[in-house]
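Everything on this sheet refers to the single structure shown next.
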Amino acid sequence: MTTTDMPRKVDAGPGRASRRKRSSGSATGGLRRAVAPTTLLWVLAALYGVPVLWFVLSSFKPAGDLFSLPLTLFPHNPTVSGYKAAWESANFSQYFINTTIVCVIATILTVGVSCCTGYALAKYDNKWLKVFFVGILATTMLPSEVMLAPQFLVVRDLGLYNSLAGIILPAVLTATGCFMFRQFFLTVPDELIEAARIDGAKELSIFLRIMVPVSRPIMLTLAILSFQWRWNDYIWPLLMLNDPDKFTVQIGIQSLVGAQNINWSVLLGGSVISMIPLIIVFLVFQKYVMNADINAGLKD
């Protein structure tokens with residue numbers, strides 16, 4: 001074999017070197033671009049986290065140390081006396097039961113009604129449905145205080161005053177839930193529904209077997225939000241309830257405030273106690289929301 005017939009080695013050195021330079025340059029550029037947004041996120045996290053941390057740590061301080069100068073973040077003599085006094089001075093066990101009943105039932109009804117309403121608004125073409133949707137959105141433009149008086153009159157005339165049902169029913173239909181489900185169902189291809197109809201599926205079967213499973217991420221998201229809304233609701237239960245055995249957690253915390261003075265240690269302890277269920281609910285369900293594939297089953 002002559003030298004001209006021998007295969008020549010591919011000179012890949014310059015190409016590989018240039019690719020290495022490009023990859024290292026792009027990595028460095030990406031790192032530089034990520035510095036600014038990462039720093040901004042850490043600053044925002046600190047702005048939100050430091051007050052919450054101060055709030056929680058202050059609940060372990062004795063009442064005399066809360067306003068002592070200089071102010072300190074960590075308690076010098078940590079104590080749980082505020083928690084004990086808050087739990088003993090208020091009937092928190094009954095408050096938790098009442099609030100849990102309200103939150104669970106209201107959340108289930110809110111998710112179900114919002115899912116049905118959002119599906120109808122997104123997949124049925126009717127001018128009256130559009131008018132109804134505009135009316136739902138219009139309620140978000142009014143302050144909630146404006147609707148308290150007519151809601152109170154309606155609930156009172158229905159005979160639901162001073163009952164947990166009077167708190168649950170007005171919270172079933174929410175503009176936020178209907179809007180969330182409508183916008184989600186608009187992304188579902190109409191061909192998916194038409195294919196099910198061609199196969200002989202009824203409307204109820206299409207909704208229950210196709211639309212409801214597909215909308216699971218939105219259902220979980222709305223469930224977390226609805227539970228949080230109902231748990232933190234204060235004004236409406238305060239207007240509807242006058243029986244201490246039916247009070248919710250937020251009214252129970254308000255009962256810790258004295259007419260002449262405020263025991264801040266007890267108030268902070270009761271407030272932290274009221275936060276625990278919300279934190280548990282979020283930690284349990286966040287992984288389902290974060291890991292859910294919203295586009296599952298939506299490919300044409």
Give me the atom names and distance for the closest heavy-atom approach of [X] to [Y].
| X | Y | value |
| --- | --- | --- |
| G269 | A86 | C-CB, 4.4 Å |
| I101 | I168 | O-CD1, 4.4 Å |
| A46 | P51 | O-CD, 4.0 Å |
| L142 | M147 | O-CE, 4.4 Å |
| Y95 | G252 | CE1-CA, 3.4 Å |
| P170 | A165 | CD-O, 4.3 Å |

Any donor and acceptor pair, going by atom type alone, linking the side chain of [X] with main-chain N or O of [Y] inside 3.5 Å?
| X | Y | answer |
| --- | --- | --- |
| T187 | F184 | yes |
| S265 | P62 | no |
| S205 | K202 | no |
| S226 | T110 | no |
| S215 | F181 | no |
| T38 | A34 | yes |

Following the transitive rule for hydrophobic clusters with a side-chain heavy-atom cut-off under 4.5 Å over Ile, Leu, Val, Met, Phe, Trp and Tyr, establish whether [X] and [Y] coincide in one cluster.
| X | Y | answer |
| --- | --- | --- |
| L129 | L186 | no |
| V102 | I276 | yes |
| V146 | I235 | no |
| V155 | L148 | yes |
| Y124 | I193 | yes |

Rounded to the nearest 0.5 Å, what's the gap from [atom1] on [X] to [atom2] on [Y]? Could you check?
| X | Y | atom1 | atom2 | value |
| --- | --- | --- | --- | --- |
| I224 | F282 | CD1 | CZ | 6.5 Å |
| F92 | I253 | CZ | CD1 | 5.0 Å |
| N98 | T248 | CG | OG1 | 8.0 Å |
| L241 | Y161 | CG | OH | 8.0 Å |
| L220 | L225 | CG | CG | 11.0 Å |
| C115 | R182 | SG | CZ | 14.5 Å |

Would Q94 and F247 count as a side-chain contact (heavy atoms from CB on, under 4.5 Å) if you check the C-alpha gap in whole Å, the side-chain angles of each, and the deciding distance to 0.1 Å?
CA-CA 8 Å; Q94 185 63 43; F247 282 173; over 6 Å; no
Where at least one partner belongs to [range], residue pairs that pass salt bridge (charged side-chain N to carboxylate O under 4.0 Å, His left out), sequence neighbours excluded:
| range | value |
| --- | --- |
| residues 128-154 | D125-K130 |
| residues 105-124 | K123-D190 |
| residues 228-254 | none |

[X] atom [atom1], neighbour heavy-atom count above 12 within 6.0 Å:
| X | atom1 | answer |
| --- | --- | --- |
| F55 | CZ | yes |
| F152 | CZ | yes |
| W87 | CH2 | yes |

Could you walk me through whether F96 and W231 satisfy the ring pair (Phe, Tyr, Trp, His ring centres under 6.0 Å) test, starting with their C-alpha distance in whole Å, then the side-chain angles of each, then the deciding distance to 0.1 Å, before giving a yes or no?
CA-CA 10 Å; F96 271 104; W231 190 274; 5.7 Å; yes
If you take the centroid of each ring, where Trp contributes its six-membered ring, are F207 and Y119 closer together than 6.0 Å?
yes
Sub-6.0 Å ring centroid separation between F74 and F60
no
Validation row: [X], [Y] side chains within 4.5 angstrom (heavy atoms):
| X | Y | value |
| --- | --- | --- |
| T117 | I136 | yes |
| L278 | N232 | yes |
| Q183 | I218 | no |
| F179 | L137 | yes |

Begin from the C-alpha positions of F185 and L121 and carry the test side-chain contact (heavy atoms from CB on, under 4.5 Å) through to its verdict.
CA-CA 9 Å; F185 285 132; L121 294 174; over 6 Å; no
Across all chains, not counting sequence neighbours, the salt bridge (charged side-chain N to carboxylate O under 4.0 Å, His left out) partners of R197 are E194, E203
Test side-chain contact (heavy atoms from CB on, under 4.5 Å) applied to C178 and L173, step by step:
CA-CA 8 Å; C178 295; L173 185 63; 3.3 Å; yes
Any donor-acceptor pair under 3.5 Å linking the side-chain atoms of S93 with those of N91?
yes
Going by side-chain hydrogen bond (donor to acceptor under 3.5 Å, both in side chains), name the pairs with one or both residues in residues 44-63, residues two or more places apart or in two chains.
W54-S58, S59-Y83
Checking M240 against N162 for the side-chain contact (heavy atoms from CB on, under 4.5 Å) test, could you report, in this order, the C-alpha distance in whole Å, the side-chain angles of both residues, the deciding distance, and whether it holds?
CA-CA 5 Å; M240 288 302 303; N162 195 30; over 6 Å; no
Those residues that, when tested against T176, pass side chain to side chain donor-acceptor pair (under 3.5 Å) (two or more places apart)
none
